[in-house]
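Naming convention: chains lettered A, B, ... in sequence-line order (proteins, then strands); numbering from 1 in each chain. Predicted model only: the values in this text are computed from it and were never measured.
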2 protein chains.
Amino acid sequence: MIEMDQRVVDQQCPIRDVLDRIGDQWSLLVLAALQGGTKRFNELMREIGDISKQMLSQTLKRLEQDGFVLRTLFPEVPPRVEYALTDLGRSFLEPMGGLVRWADTHHQSIVAARRQYAGRITEATA
Amino acid sequence: MIEMDQRVVDQQCPIRDVLDRIGDQWSLLVLAALQGGTKRFNELMREIGDISKQMLSQTLKRLEQDGFVLRTLFPEVPPRVEYALTDLGRSFLEPMGGLVRWADTHHQSIVAARRQYAGRITEATA
DNA sequence: CTGACATGGTCTAGGTATTGGACCTATGCG
DNA sequence: CGCATAGGTCCAATACCTAGACCATGTCAG
């Protein structure tokens, strides 16, 4: 069995703490976007597409706070702000890569499961 | 570089689709709880602790829909329902284990980053 | 016989989070 | 002057989530 035990479910555990942070709607996406290199705020907005300014701002703030991302403000006008992954952030790309590879490999099974489920529902209500 | 490219950020891509599903507040936790074996509804409630019935119900329904979890209803009174991981669900434990290991290893760095950030803020506003 | 209890949910009311859009700063450009 | 630009913040409206009441039905205590 994989090294993942009861602690995951314990509300006080470090793993839960980390999972709660990255397990939100946007953090993984922002990290994925930054994986391509340093990016500016609006660049991230465009790239992710359907994230609101406020959420992007908040997500970046939390990622910065937790040490995944480095924020650099160039005091020009209009201001320029660059976001880049820290070493910690880059190290996170590895387990995240595993997740992404899994998603890529098993996506078909998931789509199939959804179709089958929809089928079952239709049957049941018919 | 890890095999994770621009597609991650594309809203139509399979990876994004999967990430959106597991990237909610509870899915990972439920999967972690089920990793220990078949569980009943209230057992999951107790184990996770701070999840509401509605969210647990909804999360389980989605996980079932996507083929991660198998739901078995025993038509007794009071009804008994058991939730177990499918093969797909079990296969997901592997990349998830990577994530958990990373969290465990780097938690200290994150806590340190938070402390440092708090320090900086205090400085800036002082 | 009456009534409480148990399970696995669903429904509703109220609170919290998220969204889209207006607005702000300050300068350069026509 | 007046608009554009970059990176946000603020607010109102909306979506989401929570706690708790409620449902069905059979079993067991009294």
Side-chain angles (χ1 to χ4, degrees), chain A residues 9 11 16 19-31 33-34 37-66 68-85 117 120-121 124-125, chain B residues 9 11 16 19-30 33-34 37-65 68-85 117 120-121 124-125:
Chain A
V9 142
Q11 293 157 242
R16 172 85 184 249
L19 250 45
D20 279 354
R21 291 297 180 121
I22 58 150
D24 68 357
Q25 200 61 219
W26 302 115
S27 295
L28 285 178
L29 257 354
V30 170
L31 289 173
L34 284 175
T38 298
K39 297 260 163 63
R40 298 177 60 174
F41 189 88
N42 282 329
E43 210 169 344
L44 287 169
M45 283 274 293
R46 273 193 304 277
E47 218 161 285
I48 298 179
D50 58 351
I51 189 171
S52 67
K53 279 164 175 248
Q54 198 166 69
M55 275 298 96
L56 179 56
S57 176
Q58 189 181 111
T59 303
L60 284 168
K61 212 173 283 177
R62 278 208 325 220
L63 290 176
E64 190 198 354
Q65 212 174 107
D66 286 359
F68 287 79
V69 160
L70 183 71
R71 178 183 187 271
T72 313
L73 165 68
F74 297 84
E76 311 165 355
V77 170
R80 184 159 56 98
V81 180
E82 289 188 348
Y83 293 94
L85 291 177
Y117 189 88
R120 282 206 295 123
I121 294 300
T125 49
Chain B
V9 142
Q11 292 157 243
R16 172 86 184 248
L19 251 43
D20 278 354
R21 291 297 179 122
I22 59 152
D24 67 358
Q25 201 61 219
W26 302 115
S27 296
L28 285 179
L29 256 356
V30 170
L34 284 176
T38 297
K39 297 261 163 63
R40 298 177 59 175
F41 189 87
N42 282 328
E43 209 171 345
L44 287 169
M45 283 276 292
R46 274 192 305 278
E47 216 162 285
I48 297 177
D50 57 351
I51 190 172
S52 68
K53 281 165 174 248
Q54 198 165 71
M55 273 300 94
L56 180 56
S57 177
Q58 189 181 113
T59 303
L60 284 169
K61 211 171 284 177
R62 278 209 323 218
L63 289 175
E64 190 198 354
Q65 212 173 109
F68 287 81
V69 160
L70 183 71
R71 179 183 186 272
T72 313
L73 164 68
F74 297 84
E76 311 164 353
V77 170
R80 186 158 56 98
V81 180
E82 289 189 346
Y83 293 94
L85 291 177
Y117 188 86
R120 283 204 295 123
I121 294 300
T125 48

Tell me: [atom1] of [X] to [atom2] of [N], nearest whole Å?
X      : N       : atom1 : atom2 : answer
F74(B) : dA24(D) : CZ    : C1'   : 20 Å
I51(A) : dG7(D)  : CD1   : P     : 15 Å
E76(A) : dA6(D)  : CD    : P     : 11 Å
D50(A) : dA15(D) : CG    : P     : 16 Å
M55(A) : dC10(D) : CE    : P     : 14 Å
K39(A) : dA6(D)  : NZ    : C1'   : 18 Å
Q25(B) : dT16(C) : CD    : P     : 16 Å
M45(B) : dT10(C) : CE    : C1'   : 13 Å

| task | Have a look at Y83(B) and tell me which of R40(B), E64(B), R71(B), E43(B) forms a side chain to side chain donor-acceptor pair (under 3.5 Å) with it. | result |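 When side chain to side chain donor-acceptor pair (under 3.5 Å) is applied between Y83(B) and each of R40(B), E64(B), R71(B), E43(B), only R71(B) qualifies.
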How far does [atom1] of [X] sit from [atom2] of [Y], to the nearest 0.5 angstrom?
X      : Y      : atom1 : atom2 : answer
W26(A) : Q58(A) : CH2   : CD    : 12.0 Å
L60(A) : L34(A) : CG    : CG    : 7.0 Å
L29(B) : D20(A) : CG    : CG    : 6.5 Å

Report each atom pair, protein N/O against N/O of nucleotides 2-9 of chain C, whose distance is under 3.5 angstrom.
residue	atom	partner	partner atom	Å
dT7(C)	O3'	R40(B)	NH2	3.1
dT7(C)	O3'	P79(B)	O	2.9
dG8(C)	OP1	R40(B)	NE	3.1
dG8(C)	OP1	R40(B)	NH2	3.2
dG8(C)	OP1	V81(B)	N	3.0
dG8(C)	OP2	N42(B)	N	3.4
dG8(C)	OP2	N42(B)	ND2	3.3
dG9(C)	OP1	R71(B)	NH2	2.2
dG9(C)	OP2	Y83(B)	OH	2.5
dG9(C)	N7	K53(B)	NZ	2.8
dG9(C)	O6	K53(B)	NZ	2.9

| said: Ignoring hydrogens and geometry beyond distance, is the side chain of Q54(B) in donor-acceptor contact with the base of dT12(C) at under 3.5 Å? | reply: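 Yes.
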| said: The test is salt bridge (charged side-chain N to carboxylate O under 4.0 Å, His left out); show your working for D66(A) and K61(A) and say whether it passes. | reply: CA-CA 9 Å; D66(A) 286 359; K61(A) 212 173 283 177; over 6 Å; no
| query | Mind checking whether S57(B) and F41(B) have side chains closer than 4.5 Å, heavy atoms only? | reply |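 Side chain of S57(B) against side chain of F41(B), heavy atoms only: contact under 4.5 Å found.
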| message | Can you tell me if W26(A) touches the phosphate of dA17(C), counting only side-chain N or O atoms and a distance under 4.0 Å to OP1 or OP2? | response |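 Result: no.
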